[in-house]
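Structure first, then comments.
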Amino acid sequence: MKAITLSLLLTVISVSTSISQTKWSFDDAHSNLQFSLSYMLVTDVEGSIVISEATLVATGDDFANASISVKGDMSSINTDNDARDEHLRTADFFDVAKYPTVTFNSSTVKIISDTKYEVTGLLTLKGVSKQMTFDATATKNVRPYDSKSIVGFKVIGTINRMDFGISKETPSTMLGEEVQIRGNVIFVKE
């Protein structure tokens, strides 16, 4: 009787664990990571980085306590100027040879409203890790061609380049310290 009860308990735990966690596949073709910062106090320089990997694991459809991770390829940095992009890859800025990726791993996902969230986690850039909070809007839909559920996260936030040791010798009157981050990350329900 004890063996049957233990076996039944393990089965229930196994089934509830697989039901409670929903995995989502990363849609890299429709995801992007952008940034902008002021230049000479007169305009903004904008650029992008390719998101090479992203994961989403959720315990429900409201994404409370979801686990989100994103990895960007720093060698893909693109500001629409080849010479500037090459300079950004050097040790003067991102030192891509030594630090080829930027990563974000969530620690909490807090629901603000039906579609609004605060996502807090560890951002690692140029070998420096800092706890950061970003605002996110999640929008769900169903793809018409295969009836799969999708969710898109629009993420915005601000980081300080000095916190991550990026071109610390460049004065803020030449290159702004605050960097606006915008990301669009799409996942498909498995």
Side-chain angles (χ1 to χ4, degrees), residues 5-37 46-74 76-77 100-126 128-161 163-164 178-190:
T5 304
L6 181 59
S7 175
L8 181 59
L9 180 62
L10 290 174
T11 301
V12 168
I13 290 171
S14 174
V15 169
S16 67
T17 299
S18 65
I19 290 173
S20 64
Q21 282 198 339
T22 303
K23 290 192 176 183
W24 297 74
S25 298
F26 172 51
D27 180 354
D28 62 338
H30 299 100
S31 298
N32 57 67
L33 182 61
Q34 300 144 8
F35 63 89
S36 65
L37 71 161
E46 299 181 342
S48 63
I49 298 166
V50 171
I51 300 173
S52 55
E53 295 176 30
T55 61
L56 168 64
V57 179
T59 55
D61 287 338
D62 64 1
F63 303 109
N65 300 314
S67 173
I68 301 169
S69 67
V70 177
K71 181 190 274 187
D73 176 8
M74 292 306 298
S76 70
I77 196 163
T101 61
V102 55
T103 61
F104 178 80
N105 294 297
S106 71
S107 54
T108 61
V109 177
K110 180 182 173 187
I111 298 174
I112 303 301
S113 68
D114 286 347
T115 61
K116 305 283 184 190
Y117 298 83
E118 279 185 357
V119 181
T120 301
L122 201 60
L123 177 67
T124 302
L125 176 61
K126 200 178 176 186
V128 177
S129 296
K130 295 233 175 248
Q131 194 80 3
M132 304 294 299
T133 299
F134 297 99
D135 295 325
T137 302
T139 305
K140 295 183 241 177
N141 207 341
V142 175
R143 291 194 308 204
Y145 58 88
D146 62 6
S147 300
K148 289 189 175 185
S149 295
I150 61 171
V151 63
F153 287 91
K154 292 181 181 179
V155 180
I156 59 170
T158 303
I159 66 170
N160 188 310
R161 68 178 171 86
D163 291 344
F164 295 91
E178 288 193 346
V179 181
Q180 316 305 303
I181 305 294
R182 295 178 315 280
N184 292 287
V185 188
I186 297 178
F187 297 96
V188 181
K189 196 172 190 177
E190 291 182 3

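- Note: I181 CD1 to L33 CG = 6.0 Å, rounded to the nearest 0.5 Å.
- By the side chain to side chain donor-acceptor pair (under 3.5 Å) test, K23 pairs with no residue at all, sequence neighbours left out.
- Under the rule for a salt bridge (charged side-chain N to carboxylate O under 4.0 Å, His left out), R182 has no partner lying at least two apart in sequence or in another chain.
- Looking at residues two or more places apart in sequence or on another chain, you find a side chain to side chain contact (heavy atoms under 4.5 Å, CB included) between D163 and K130, N160.
- Rounded to the nearest 0.5 angstrom, I156 CD1 and D135 CG are separated by 5.0 Å.
- Note that the NZ atom of K148 and the CG atom of N141 stand 15.0 Å from one another [nearest 0.5 Å].
- Between L56 and V151, some side-chain heavy-atom pair lies under the 4.5 Å cut-off.
- Remark: D114 pairs with no residue by the salt bridge (charged side-chain N to carboxylate O under 4.0 Å, His left out) rule, at least two apart or across chains.
- Not a single donor-acceptor pair under 3.5 Å links the side chain of S31 to the backbone N or O of D28.
- Shown here are the ring pair (Phe, Tyr, Trp, His ring centres under 6.0 Å) partners of Y117, two or more places apart in sequence or in another chain: there are none.
- The side chain to side chain donor-acceptor pair (under 3.5 Å) check on T139 picks up nothing, with sequence neighbours excluded.
- Atom NZ of K140 sits about 10.0 Å away from atom OG1 of T115, to the nearest 0.5 Å.
- Looking only at side-chain heavy atoms (C-beta outward), F134 and I159 come within less than 4.5 Å of each other.
- By the side chain to side chain contact (heavy atoms under 4.5 Å, CB included) test, T108 is found to be paired with T120, residues two or more places apart in sequence or in another chain being considered.
- Considering only residues two or more places apart in sequence or on other chains, F26 meets the ring pair (Phe, Tyr, Trp, His ring centres under 6.0 Å) condition with none of them.
- Checking E178 against T158 by side-chain atom types alone, no donor-acceptor pair falls below 3.5 Å.
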**OP:** For I77 and F35, run side chain to side chain contact (heavy atoms under 4.5 Å, CB included): C-alpha distance rounded to whole Å, both residues' side-chain angles, the deciding distance at 0.1 Å, then the answer.
**Re:** CA-CA 10 Å; I77 196 163; F35 63 89; 3.9 Å; yes
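- Looking at residues two or more places apart in sequence or on another chain, you find a salt bridge (charged side-chain N to carboxylate O under 4.0 Å, His left out) between K189 and D61.
- For T103, the side chain to side chain contact (heavy atoms under 4.5 Å, CB included) criterion is met by K71, T101, N105, T124, not counting sequence neighbours.
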Subject >> Chi angles and distances behind the side chain to side chain contact (heavy atoms under 4.5 Å, CB included) call for I49, M74 >> reply: CA-CA 6 Å; I49 298 166; M74 292 306 298; 3.7 Å; yes
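- The two residues D73 and S76 make their nearest non-hydrogen contact at O-OG, 2.5 Å.
- For the atom pair OG1 of T137 and NZ of K116, the computed distance is 3.0 Å after rounding to the nearest 0.5 Å.
- Judged as a side chain to side chain donor-acceptor pair (under 3.5 Å), and not counting sequence neighbours, the contacts of N184 are N32.
- Between A66 and S106 the shortest heavy-atom distance is O-OG, 3.8 Å.
- Of all heavy-atom pairs between I150 and V142, the closest is CG1-N, 4.5 Å.
- The heavy-atom pair separating F153 from A138 by the smallest distance is CE2-CB, 3.6 Å.
- Donor-acceptor pairing under 3.5 Å is recorded for the side chains of S25 and E190.
- Distance check: Q180 CD to S36 OG gives 5.0 Å after rounding to the nearest 0.5 Å.
- For F187, there are no ring pair (Phe, Tyr, Trp, His ring centres under 6.0 Å) partners, not counting sequence neighbours.
- Aromatic ring centroids of F63 and W24 lie under 6.0 Å apart.
- A side-chain donor from one of Q131 and S107 sits under 3.5 Å from a side-chain acceptor of the other.
- Between the side chain of T55 and the main chain of I68, no donor-acceptor pair closer than 3.5 Å is present.
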